[in-house]
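Encoded as C-alpha cells, the structure appears first; notes follow it.
What you are looking at is a predicted structure, and each value in this text was computed from that prediction instead of being measured. Below, chain A is the first sequence line, B the second, and so on; all start at residue 1.
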Amino acid sequence: MKYDFHNIEKKWQDRWEAEKTFIATDDFSKPKFYGLVEFPYPSGHGMHVGHIKAYSGLEVVSRKRRMQGYNVLFPIGFDAFGLPAENTAIKEGIHPRVVTDRNIEHFSEQLKRAGFSFDWSKVIDTTSEDYYKWTQWIFLKMFENGLAFRDTALVNYCPSCKVVLSNEDSQGGKCDICHSDIIQKTKDVWYLRITKYADKLLEGLKDVDYLPNIKMQQENWIGKSTGAFINFSIDGIDEKLRIYTTRPDTLFGVTFMVIAPEHPIIEKYRDRIANIDALDEYKLECQKKTEFERTQLVKDKTGVKIEGLCAINPANGKRVPIFIADYVMMGYGTGAIMAVPAHDQRDYEFAKKFGVDIIQVIEGGDISVEAYTGDGKMINSEFLNGYTNKKDSIARMGEEIEKMGIGELGVQFKMKDWAFNRQRYWGEPIPIVHCPKCGMVAVPYEELPLKLPAVENYEPGQGGESPLAKIDSFVNCECPKCKGPAKRETDTMPQWAGSSWYFLRYIDPHNDDAIASEEKLKYWMPVDWYNGGMEHVTRHMIYSRFWHKFLYDIGAVPVAEPYAKRTAQGMVLGANGVKMSKSLGNVVDPNDVIDVFGADTLRVYVLFMGDYGSAAPWNDSSVKGCKRFLDRVAELTNIAKGNGVTPELESAFHKTIKKVSSDIEDMKFNTAIAALMTLINQIFDHGSLTVDELKIFISLLCPFAPHISEEINEMLGSKELLAISPWPEYDEAKTVDSTVEIAIQLCGKMKGTVLVPADCDEDTAFKTIIDSGKLGDQLDGKTIVKKIYVKNRIFNIVAK
RNA sequence: GCCGGUGUGUCGGAAUGGCAGACGAGACAGACUCAAAAUCUGUUGUCAGCAAUGGCGUGUGGGUUCAAGUCCCACCACCGGCACCA
C-alpha cells in the first residue's frame with residue numbers, strides 16, 4: 001500500500017463526520033465514559049503542538065472506550081471571553097465578536113485536521129448568548145444565596161490591564177495576563193464567597209482520584225490550619241484584641257503583641273496613642289514597599305511600639321506591649337498575633353531587635369541562640385506544666401480558654417474570597433441593578449441573558465471603570481422591584497466564570513430550560529476523566545469545584561464532585577529545551593507538521609516523545625522516526641496473507657494486546673507505542689503475518705493513528721469503521737512463552753543465560769545450567785551453600 | 001523556610017527488588033545509486049584486550065539483601081507549588 005497520508009486523512013475525517021461516528025448518544029442503557037480536556041482559549045495565533053499533546057491523551061482513551069462498547073462523550077468547546085480578543089478589537093477596530101468567531105473557526109479547522117474524535121454536535125462557546133445566559137443564572141443563584149456580594153477592600157489591581165484581579169490571578173505579585181507588578185488598591189468590588197466552601201473543597205479531595213501532586217497543590221492553596229482565637233483585653237478601655245494562633249498552649253510565653261499596620265484598632269484609638277505620628281509614618285513606609293520587599297526580605301524585622309495601648313494576657317493578667325509590624329498581614333487570621341518569641345523564629349528576631357522579654361514554655365533547644373520550635377515538656381505554664389504532647393496541651397488550653405470565656409478553638413484558611421469582576425467589555429455582564437431605593441436587585445431570571453450592548457470604544461475608563469459605563473442606554477434602566485429609575489452594574493465577570501461549569505453544558509448544550517436535563521446529568525456526571533495543565537490546578541480547578549458544589553447544594557446537579565479523576569500532561573518544549581514562545585521563535589505549528597508528515601505521525605509523536613506527564617523538547621528527527629514507523633505499518637499490507645495465527649508470532653501478539661491495553665489506562669502512551677514498534681520489528685523479522693493479525697495490529701494502533709488504521713481496515717475488506725470495531729482481546733495463557741531465557745548468577749554475579757521450559761522446577765533449571773557448561777570450572781572445589789531460583793527470571797548459586 | 005517531584009548512554013526515554021539502557025533519535029560502517037535523498041543490513045554505555053573474555057557503570061556517601069536504578073539513612077543538584085500564613 002502506498003501511504004498517501006494527505007488523501008487518506010481527508011477521506012476518513014470526512015467519513016467520520018458524515019457518519020456521525022463520534023456523537024454521544026442518548027442510549028442510557030450503555031455504560032458511559034465522559035472524557036474531558038480543557039477547552040482552549042481561541043487566540044489569534046492558532047493552536048500549537050502543546051494543544052495537540054494535551055488533547056491526544058484522552059483522545060486515545062476515548063477511542064479505546066468506544067471500541068470497548070462505551071457510550072463516549074468527548075466534547076470540545078471554546079473559552080472565548082477575555083482580554084486578548086478585546087485588545088485586538090481595540091487595536092484593529094473590529095468587534096470582539098468578529099475576532100472571536102474568526103479564531104474559533106481557525107481552531108476548529110486545526111482540531112479537525114488532527115483527526116480528534118470530538119463530538120462536534122455539542123461544541124460550546126462561552127461567549128454565545130445561550131451559554132452565558134446560564135453563567136448569569138448561576139451568578140444570580142449565588143447572589144440569592146448570599147455567596148455573591150460587594151465589599152470595599154484592598155484589592156489586587158493591575159495598572160496595565162486596568163482590572164481588579166483575584167488572588168489566584170496575581171500569584172507572586174505579578175499580573176497573570178501581562179506580568180506587570182500588581183498594586184494594592186481600595187475598591188468596591190464583587191466577591192464570591194468561596195471561603196464558605198473551603199472545608200468542603202478540602203474534604204472532597206478524599207473522594208476523588210487526582211494525581212498526588214494535584215491534590216497536594218490544592219490542599220496547599222486552601223491552606224487549612226487549626227488553632228485558636230483568643231481575645232486579649234486592652235488595659236484601661238473596653239476593647240478586645242482578637243488574635244489567631246496555631247499554638248494556644250504557648251499562651252504563657254506571650255511577651256508582646258503584633259498587629260498589622262492596617263489594623264483598624266489604630267484608627268479607632270488615634271487619640272489615645274501617644275506616638276501616632278510615628279505609626280502613621282511607618283504605615284506609609286510599608287505601603288511604599290513592593291510585595292517582594294515585604295515578603296522576601298525576611299531577615300530584618302521592622303516595627304513600631306504603640307505608646308498608650310497595652311494588652312493584658314488573659315491567662316496570667318500580665319501587661320504586654322503592642323507593636324505594629326509588617327510581618328503581620330491584615331489578610332490572614334485576624335491581622336493580629338500574640339508573640340511567643342521563645343518558640344517562633346519571627347517573633348524571636350523581633351524580640352531580640354526590640355529588646356522584649358523571652359519566656360520559654362517548652363523545654364528544649366537553646367533559646368539564647370534561636371527560637372525552639374520542636375516538641376518538649378511544657379514549663380512555666382501553670383496548669384499546662386508537664387504536658388509533653390502538643391496535641392494534648394492544645395486540647396487542654398482549648399478547654400481552659402472556653403471556660404474563661406476568652407476565646408475558642410478554630411480553623412483558618414489561606415484561601416481568600418474570589419474577587420469576581422473585571423472592568424472590561426468582553427465578558428459576561430453581571431446581572432445586577434443598583435436602585436437608589438431598593439439597593440442591589442437581581443435582574444429577573446426571565447430576562448436572562450442580559451446581553452452585551454454594542455459599543456464603539458472598547459477602551460476601559462481611566463478611573464478603572466468598564467467601557468459599559470459609557471453606554472447610557474445600557475446603564476440606565478428600571479428597577480425590577482420598584483420600577484423606579486436605576487443603574488445597571490457595569491462590571492463584567494472574570495475570565496474564569498464561563499469555564500467554571502462548561503463540563504455541565506456539554507451534556508445538553510441546546511437546552512433552553514436548564515443547565516442540562518436532570519436525566520442526562522444523572523447519566524453523564526461525574527466527568528470520568530479530566531486531563532489538563534498543571535497551571536490550572538489552583539485556579540480553574542478550585543473555582544469549578546466550588547461552583548459545582550454550590551450547584552449540588554441547591555439541587556441543580558446530582559453529584560458532589562465534578563471530576564472523578566484528574567491527570568495532567570507535561571509541556572511540549574521548543575527544540576532548544578525551553579518553553580515555546582513567539583519571541584524565542586521556537587514555536588512549532590501543528591499545521592506545518594501535518595503538511596509534511598501527516599496528522600497520524602504528529603499524534604504518534606506527541607505521545608511517543610516521552611512520559612506523558614513530563615515536559616519534553618520537540619525533536620524533528622524523532623518525528624521522522626514516527627513517520628518511518630507508520631510507513632512500515634503501511635508495508636504490512638504487502639506481507640499479509642491467509643487467515644488464522646502465525647505460531648511464531650502468536651505469543652507476541654497476545655503480549656502486545658495486553659501491554660497496549662493496560663498502558664493506555666496508565667497513560668503510558670510512550671511504552672504502548674514502543675510495544676507496537678517492537679511487534680512490527682518482530683513481524684518483519686519473521687517476514688509475514690496473517691490478515692487476522694494485521695486486523696489486530698491496526699485495531700491497537702487505531703486510537704493513536706486512526707486514519708492509516710481505517711484505511712488498512714478498508715483494504716482488508718471491512719465495511720464497518722474500525723473506530724467502532726471491537727477492541728482486541730488477549731488470552732493470558734498465551735502471553736507466556738513455552739521456553740524462557742533465565743539469567744545465571746554465581747554469588748550474585750551475572751555469568752550468562754540459559755533457555756529453560758517456562759515455569760520449570762528448580763532441579764530441572766539447575767541441571768540445565770550445569771549441562772550448559774556456562775559456569776565452566778567456576779564451581780570446582782567449591783561447596784554450594786545456597787540456591788536461589790526465581791521462576792522464569794534468574795538462578796543464583798551461592799558457593800564457597 | 002515548608003511541602004512535593006526528579007537525577008539512568010550523545011539525546012528523548014525503558015526497566016512487578018531478579019540479565020540496566022526496551023523503543024525511538026543521532027552517530028559510524030556497508031548495500032543500492034552517476035550522485036544525493038529515501039530505503040535496507042550491521043555496530044553503537046565505558047575501560048583493557050587481536051580475541052574469547054574481564055573490570056567499571058543508574059547524582060554522592062553509607063546500609064539492608066543471595067541480588068538494589070528500584071528499599072532504608074545522610075547529603076548534593078535541578079524542577080515545581082506555597083511562603084514573615086501566626
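- In this structure, B:G80 and B:C3 make a Watson-Crick or G-U wobble pair, each of the two defining distances being under 3.5 angstrom.
- Regarding contacts with the backbone of B:C85, every side-chain N or O of A:K414 stays at 4.0 angstrom or more from both OP1 and OP2.
- Using the Watson-Crick or G-U wobble rule with both distances under 3.5 Å, B:C71 pairs with B:G63.
- Between A:R346 and B:G1 there is no side-chain N or O to OP1 or OP2 distance below 4.0 Å.
- Nearest-nucleotide positions on RNA chain B for A:Y332 and A:V790 put A:V790 closer to the 5' end.
- Contact annotation: A:K668 reaches the phosphate of B:A15 (side-chain N/O to OP1 or OP2, under 4.0 Å).
- Listed pair A:N220 / B:G80 fails the phosphate criterion, with no side-chain N or O lying under 4.0 Å from OP1 or OP2.
- In this structure, the nucleotide among B:C84, B:A86, B:A14 sitting nearest to the side chain of A:Y327 is B:C84.
- Checked against B:C3, B:C23, B:A86, the side chain of A:M216 finds its nearest nucleotide in B:C3.
- Side-chain proximity of A:K749 to B:C56, B:A86, B:C19: nearest is B:C56.
- In terms of polar N and O atoms assigned as donor or acceptor, the side chain of A:N796 comes within less than 3.5 Å of the base of B:C66 in a complementary pairing.
- No side-chain N or O of A:S56 forms a donor-acceptor pair with one of A:Y612 less than 3.5 Å apart.
- Partner A:L241 forms a side-chain contact (heavy atoms from CB on, under 4.5 Å) with one of A:I259, A:N231, A:T334 and no other, that one being A:I259.
- At a threshold of 4.0 angstrom between heavy atoms, the contacts of A:A339 with the nucleic acid are absent.
- Distance CG (A:N638) to P (B:U39): 16 Å, rounded to an integer number of Å.
- Here the closest heavy-atom approach between residue A:L689 and residue A:L636 is recorded as CD2-O, 4.0 Å.
- Across all strands shown, nothing is found opposite B:U16 as a Watson-Crick or G-U wobble partner with both distances under 3.5 Å.
- Residue whose closest nucleotide on RNA chain B sits further toward the 5' end, between A:N619 and A:T753: A:T753.
- Regarding A:M571, its CE atom lies at a distance of 17 Å from the P atom of B:U6, rounded to whole Å.
- Taking atom NZ of A:K659 as the reference point, atom C1' of B:C23 lies 10 Å away to the nearest angstrom.
- Distance from the side chain of A:I788 is smallest for B:C66 among the nucleotides B:A15, B:C66, B:A25.
- Atom pair A:N213:CG and B:C82:C1' shows a separation of 14 Å (rounding to whole Å applied).
- Base orientation of B:G24: anti, since the glycosidic angle falls outside 90° of 0.
- Counting to the nearest Å, the C1' atom of B:U6 and the CG atom of A:D611 are 11 Å from each other.
- Distances from the side chain of A:A674 to the nucleotides B:C23, B:C66, B:C82 place B:C23 closest.
- Candidate nucleotides B:C84, B:G24, B:A15 were compared by shortest atom distance to the side chain of A:M677, and B:G24 ranks first.
- Comparing B:G18, B:G24, B:A15 by their closest approach to the side chain of A:F608 singles out B:G24.
- A:K787 forms a cation-pi arrangement with A:F766, by the criterion of a distance under 6.0 Å to the ring centre and an angle within 45° of the ring axis.
- With a 4.5 Å cut-off on side-chain heavy atoms, A:R247 and A:D344 do not count as touching.
- The existence of a salt bridge linking A:D620 and A:K624 is excluded, since no basic side-chain nitrogen approaches an acidic carboxylate oxygen closer than 4.0 Å.
- For the residue pair A:E741 and A:T753, a side-chain donor N or O sits within less than 3.5 Å of a side-chain acceptor on the partner.
- At a cut-off of 3.5 angstrom, the base of B:U16 holds at least one donor-acceptor pair with the side chain of A:R793.
- Looking at the side chain of A:N670, the nearest of the listed nucleotides B:G80, B:A14, B:C84 is B:A14.
- Contacts of A:N681 with the nucleic acid, taken as non-hydrogen atoms under 4.0 Å apart, involve only primed sugar atoms and P, OP1 or OP2.
- Across all strands shown, A:G223 has no heavy atoms under 4.0 Å from either base or sugar-phosphate atoms.
- Each of B:C66, B:A15, B:A20 was ranked by its minimum atom distance to the side chain of A:V798; first place goes to B:C66.
- The P atoms of B:U43 and B:U53 are separated by 16 Å, rounded to the nearest whole Å.
- The base of B:C84 is paired with the side chain of A:K301 by a donor and an acceptor separated by under 3.5 Å.
- A salt bridge does not link A:K786 with A:E762: every distance from a Lys NZ or Arg NE/NH1/NH2 to an Asp or Glu carboxylate oxygen is 4.0 Å or more.
- Taking only side-chain nitrogens and oxygens, A:R247 never comes nearer than 4.0 Å to OP1 or OP2 of B:C85.
- Using a 4.0 Å heavy-atom criterion, one finds that A:Q745 contacts the bases of the nucleic acid, with or without backbone contacts as well.
- Distance A:R628 CZ to B:C40 C1': 12 Å, rounded to the nearest Å.
- To the nearest whole angstrom, the two C1' atoms, one in B:A68 and one in B:G1, are 33 Å apart.
- Per the geometry, CD1 belonging to A:I322 stands 16 Å off C1' belonging to B:A86, to the nearest Å.
- Judged by distance alone with a 3.5 Å cut-off, a donor-acceptor contact links the side chain of A:E741 to the base of B:C19.
- Across all strands shown, B:A27 forms a Watson-Crick or G-U wobble pair with B:U43, both key distances being under 3.5 Å.
- Rounded to whole Å, atom C1' of B:C85 lies 13 Å from atom CZ of A:F413.
- In this structure, of B:C56, B:C23, B:C84, it is B:C84 that holds the atom nearest to the side chain of A:M329.
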